[in-house]
Amino acid sequence: MNDKNEIIAQHLRNFASLTDKDIAQGQQFWKPRSIKKGDFFNMQMMVCNDLGLVVKGIFRIYYHDPKTDTDKNLFFFSENQFVVSFRSFISQNPCWYYIEAMEDSEIVFISYKDLNGLYDTNANWAKFGRLLAELFFAYAQTRTEEFVFFSHEERYLRLLEEHPNIIERIPSYHISSFLGITNPSLSRIRKRIKK
C-alpha cells in the first residue's frame, strides 16, 4: 500500500474533481486496512463508522435472516468502488447488513467524523459528499428497478458489466443469491449465454 496516497488522489480527482489542494487537506484522514477473506468491514447491528475505497478485493453486503438462517446478498463492491453501509453511515444508526471480504482485500478508509469535518471546512469536499449520496441513491434505485424491469438473465449480464471477473472470484451461490434465483437457474443462464 505504498502508493495509497496516489490511489486515493486519482480516485478523488475522477469521482469529484477534487483539486490537489483539496486532496492534500483530506489525505491525512485516509488510512490503509487489510481485511482477510471472511472477515468483516462492518457487522450487522453495528454502526458503520467508516467509508472505504476498495484498492484490491471484493466485498458483499448481505442480510442474514435469523428466521430462515439464510443470507441474502444485496450488493458487491470491488476495486475502485466505495464500500459502506450508507444509511448507517449517514444516520449513525446500527447497520442492518454485514459487509464481508470475499477474498483477501485492501482498502483505504476515512471515518464519519473526519469526513464530516472536511464537509464543514471545504466546499469541494461538501460536493464530494453530495456526489457520494447521489451515487448510493442510484445504486439503491437501480437495484430495485432491476428486480422490477429486468429478467434474471438481464440482471446477470448487468452484474458482469459492473464486475467483469466476478464469476472467477466468488462462489456461484453468492451470485444466485444476489440475482434472487437458484444455483441451477444460474447454471442454465450461463449455458445460454455461452452459446
Side-chain angles (χ1 to χ4, degrees), residues 7-8 10-12 14-16 33-44 48 50-65 68-90 95-109 131-195:
I7 289 167
I8 299 165
Q10 193 57 50
H11 191 76
L12 295 175
N14 293 342
F15 179 71
R33 181 175 165 198
S34 297
I35 304 176
K36 293 282 184 202
K37 179 180 179 177
D39 287 346
F40 295 92
F41 174 76
N42 202 72
M43 301 279 282
Q44 194 169 335
C48 187
D50 300 317
L51 169 71
L53 174 64
V54 182
V55 176
K56 179 174 91 67
I58 190 165
F59 292 82
R60 69 174 177 137
I61 292 187
Y62 71 96
Y63 171 71
H64 180 77
D65 187 340
T68 61
D69 197 32
T70 56
D71 296 343
K72 295 183 172 112
N73 290 325
L74 304 173
F75 294 99
F76 296 112
F77 294 105
S78 55
E79 287 82 5
N80 298 310
Q81 289 185 304
F82 291 109
V83 60
V84 67
S85 174
F86 195 68
R87 185 197 56 80
S88 174
F89 184 73
I90 60 172
C95 178
W96 295 349
Y97 314 112
Y98 290 96
I99 305 178
E100 179 188 13
M102 303 298 293
E103 56 190 30
D104 290 349
S105 300
E106 303 281 342
I107 65 165
V108 287
F109 70 94
L131 291 172
L132 190 68
E134 290 173 358
L135 175 69
F136 277 86
F137 173 79
Y139 282 156
Q141 186 159 353
T142 298
R143 184 83 169 115
T144 302
E145 289 171 349
E146 283 176 347
F147 275 93
V148 174
F149 300 123
F150 295 106
S151 68
H152 301 313
E153 190 167 311
E154 288 167 328
R155 289 203 302 273
Y156 175 70
L157 291 169
R158 288 170 65 89
L159 176 65
L160 293 183
E161 278 176 34
E162 188 165 355
H163 305 282
N165 56 359
I166 196 166
I167 296 298
E168 292 83 41
R169 295 174 75 177
I170 67 171
S172 61
Y173 64 86
H174 286 302
I175 293 167
S176 301
S177 169
F178 175 80
L179 297 172
I181 61 176
T182 63
N183 243 7
S185 295
L186 177 60
S187 295
R188 285 192 293 274
I189 289 170
R190 291 177 67 185
K191 279 179 191 164
R192 276 199 305 275
I193 288 168
K194 281 181 183 171
K195 288 179 182 174

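Just so it is clear, the model here is predicted, and its values are computed rather than measured. What you see below is based on every heavy atom in this structure, not just the backbone, and it leaves out hydrogens, waters and symmetry mates.
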Between Phe15 and Phe82, does the ring centroid distance fall short of 6.0 Å? yes
Under a 3.5 Å distance rule, please check whether Arg169 uses its side chain to pair with a backbone N or O of Gly57 as donor and acceptor. yes
Quick one: does any side-chain atom of Asn73 pair with a main-chain N or O of Tyr62 as donor and acceptor, under 3.5 Å? no
Quick check: do [X] and [Y] have side-chain heavy atoms less than 4.5 Å from each other?
X      : Y      : value
Tyr98  : Asp71  : no
His163 : Gln81  : yes
Ile167 : Leu160 : yes
Asp69  : His64  : yes
Asn42  : Phe89  : no

Rounded at 0.5 Å granularity, tell me how far [atom1] in [X] sits from [atom2] in [Y].
X      : Y      : atom1 : atom2 : answer
Phe86  : Leu132 : CZ    : CG    : 4.5 Å
Thr70  : Asp65  : OG1   : CG    : 5.0 Å
Arg60  : Ile166 : CZ    : CD1   : 11.5 Å
Cys48  : Phe41  : SG    : CZ    : 5.0 Å
Ile58  : Glu79  : CD1   : CD    : 7.5 Å
Leu186 : Ser177 : CG    : OG    : 11.5 Å

Which heavy-atom pair separates [X] from [Y] by the least distance, and what is that distance?
X      : Y      : answer
Val54  : Ile107 : CA-CG2, 4.1 Å
Glu162 : Tyr139 : OE2-CE2, 4.2 Å
Met102 : Ile170 : CB-CG2, 3.6 Å
Phe178 : Arg143 : O-NH2, 2.7 Å
Leu159 : Phe76  : CD1-CD1, 3.9 Å
Ile181 : His152 : CG2-ND1, 3.1 Å

Exercise: do Ser187 and Arg190 side chains pair donor with acceptor under 3.5 Å: no
For Asn183 and Ser176, does a side-chain donor sit closer than 3.5 Å to a side-chain acceptor? yes
Test side chain to side chain contact (heavy atoms under 4.5 Å, CB included) on Phe136 and Val84 and set out the steps. CA-CA 9 Å; Phe136 277 86; Val84 67; 3.4 Å; yes
Would you call Arg158 and Glu145 a salt bridge, taking side-chain N to carboxylate O under 4.0 Å as the test? no
How far apart are the C-alpha atoms of Ile99 and Ser85, what are their side-chain angles, what is the distance that settles it, and do they pass the side chain to side chain contact (heavy atoms under 4.5 Å, CB included) test? CA-CA 8 Å; Ile99 305 178; Ser85 174; 4.1 Å; yes
Heavy-atom neighbours of Phe137 CZ exceed 12 at 6.0 Å: no
